[in-house]
Amino acid sequence: MTKRILCLAGDGIGPEVMSAALQVLQRVIEQYQLPLELEHELVGGASIDAQGTPITDSVLKKAASADAVLLGAVGGPKWDQLPMEQRPEKGLLALRKHLDLFANLRPATVHPALAEASSLKSELVAGLDLLIIRELTGGIYFGQPRGVREENGERIGYNTYVYSETEIKRIAKVAFETAQKRNKKLCSVDKANVLEVTRLWREVVQNMSAEYPDVELTHMYVDNAAMQLVRYPKQFDVVLTGNMFGDILSDQAAMLTGSIGMLPSASLNAQNQGMYEPCHGSAPDIAGQGKANPLAMILSVAMMLKYSLSEAKAAATIEEAVYKTIDGGLRTADLNQDEWISTEEMAKAVINQLI
Ligand code: IPM
Ligand code: MG
């Protein structure tokens, strides 16, 4: 049965890394005779320019009926002045909400050959393998009411931080089950000393731990978690947290690995339908210069094959090819400013390792 993939390259370096990753995917499709069909659409600023909106209803519909979505990146200075509702980021948030992609998996792993690239001492990060599980369709990103109102002659901005027990339980279940398949350690991150919503979060997660006696559960306040991530990151296996804390901590964790240009992510719903995207943004400062690292996008393709398309073998082939390429010493500009190869050359190098 043919499976359908919707490709949304987006803005900035999005189209460059997408094109690189699709070359790799194309080769793997041939190698393994994968029954995959690719379709391309616009999202973010590209969609604003062409269609006047960060994502059209018809693209949302296509995404919902696809087996998986690949996304490059959205946003850029060109669209920064637009009102909130019309910004490129809204396209991404609409996709997450429309497809109910509540579970965002953001691995931060440090390949031994790249430990030197980290801003931390290499012994602190060499062999690091942690996974942040971020709730992606709730919390303060989506809570109502929200807005800016006038009161007593001044403007007041407000958002609502809200989680229901159901929302907490479904993401915690993913976290416990994922921890069971890894090193069986789960750290739930909250701000239960100040925010009622995260007090409830902590209570619900704690109560669920009885069903997972093999998983060692700890709780940590988010400020401490930010500190521990740079003090001794290897203490973590799976980190579970809400939407906004997860946004912040995942950027921090990504940087431990030397470059955010290496990290893929998966956003899944209850049917394991998923959207796959690099953790990095659209990097408008380097767009069009061939400097973007395509490996995060290529590794996102591998995650897609594994989680949504049940093609674990093809996924492993891509991952191995990426690591062999890195071991061979080839680097894009984010990892070595003195001696770097282009986005396109990196894709070719990975393809060479596939054979
Ligand atoms: C991310 C990004 C997005 C987020 C933006 C682009 C809306 O920072 O995926 O981490 O805040 O979730
Ligand atoms: Mg972010």
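In each ligand, atom 1 is the first atom listed, and ligand 1 is the first ligand listed.
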Is Glu339 salt-bridged to Arg331, cutoff N-O under 4.0 Å? no

Got a second to check how far [X]'s [atom1] is from [Y]'s [atom2], nearest 0.5 Å?
X: Ile133; Y: Leu131; atom1: CD1; atom2: CG; result: 4.5 Å
X: Gln252; Y: Ile132; atom1: CD; atom2: CD1; result: 8.5 Å
X: Ile5; Y: Leu309; atom1: CD1; atom2: CG; result: 5.5 Å
X: Ile260; Y: Asp251; atom1: CD1; atom2: CG; result: 4.5 Å

Find out whether the Lys NZ or Arg CZ of Arg149 is both under 6.0 angstrom from the six-membered ring centre of Tyr158 and within 45° of the ring's axis.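 Yes, a cation-pi geometry.
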
Give me the one residue out of Met220, Gln206, His219 that meets side chain to side chain contact (heavy atoms under 4.5 Å, CB included) with Ser188. His219

State whether a side-chain donor-acceptor pair under 3.5 Å links Tyr276 with Ser267.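 Distance-only check fails for Tyr276 and Ser267.
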
Taking atom types as modelled and ignoring hydrogens, do the side chains of Gln23 and Glu344 form a donor-acceptor contact shorter than 3.5 angstrom?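 Checked: Gln23/Glu344 side chains pair up, N/O donor to acceptor below 3.5 Å.
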
Could you please tell me which protein N, O or S atoms lie under 2.8 Å from the Mg ion (ligand 2)? Asp247 OD1

Around ligand 1, what residues show up once you keep those with a heavy atom under 4.0 Å from it? Glu89, Leu92, Arg96, Arg106, Arg134, Tyr141, Asp247

